[in-house]
Participant: 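What follows is a single structure, and I will ask about it in a moment.
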Amino acid sequence: MLSDRLTELQESGLLEHVVDTGTPIAVTCRLTPHGQRLWLAMDALHVWAGAPTDDGGNPVPQELHAHWGF
């Protein structure tokens with residue numbers, strides 16, 4: 001199911017797969033510039049859903065969520 005969703009995101013131009021042919025072979029998925037434009041909407045959804053925010057009402061970055069208990 002995850003593979004299907006990733007394929008859909010790639011086909012829609014939001015995601016790209018990058019294959020590193022080293023040892024071991026690694027595949028990385030990353031947002032395309034088109035996909036990166038969704039960050040503002042995703043931040044707004046996080047705030048709406050109750051994600052932690054700073055004093056200015058901005059979402060706390062993902063890497064800091066552990067500090068907040070998420």
Side-chain angles (χ1 to χ4, degrees):
M1 184 166 207
L2 175 60
S3 179
D4 292 342
R5 295 304 149 252
L6 292 173
T7 299
E8 287 175 6
L9 291 169
Q10 186 175 9
E11 289 173 353
S12 68
L14 298 174
L15 186 77
E16 64 184 355
H17 287 90
V18 179
V19 178
D20 179 3
T21 57
T23 305
I25 293 174
V27 177
T28 303
C29 295
R30 64 180 172 211
L31 292 173
T32 63
H34 182 65
Q36 290 174 5
R37 286 185 263 166
L38 294 174
W39 278 119
L40 290 175
M42 293 305 295
D43 282 347
L45 285 171
H46 283 139
V47 171
W48 174 82
T53 58
D54 62 17
D55 292 338
N58 301 306
V60 174
Q62 285 283 330
E63 60 271 10
L64 299 179
H65 281 193
H67 173 75
W68 291 84
F70 282 79

Participant: Can you tell me how far apart NE2 (His17) and CG (Leu9) are? Round to the nearest 0.5 Å.
Facilitator: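 So the gap between those two atoms works out to 9.0 Å.
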Participant: Roughly how far apart are His34 NE2 and Leu15 CG, rounded to 0.5 Å?
Facilitator: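 One gets 12.0 Å once the value is rounded to the nearest 0.5 Å.
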Participant: Could you grab the distance from atom CG of Leu45 to atom CG of Leu40, nearest 0.5 Å is fine?
Facilitator: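 One gets 11.5 Å once the value is rounded to the nearest 0.5 Å.
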Participant: To the closest 0.5 Å, what do you measure between OG1 (Thr32) and CZ (Arg37)?
Facilitator: 7.5 Å
Participant: With rounding to the nearest 0.5 angstrom, report the CG to CD distance, Leu14 to Glu8.
Facilitator: 11.0 Å
Participant: Is it true that, when you exclude Arg5 itself, more than 12 heavy atoms of the residues, nucleotides or ligands shown sit nearer than 6.0 Å to its CZ?
Facilitator: yes
Participant: Treat each ILVMFWY residue as a node, draw an edge where side-chain heavy atoms are under 4.5 Å apart, and state whether Val27 and Leu2 are in one component.
Facilitator: no
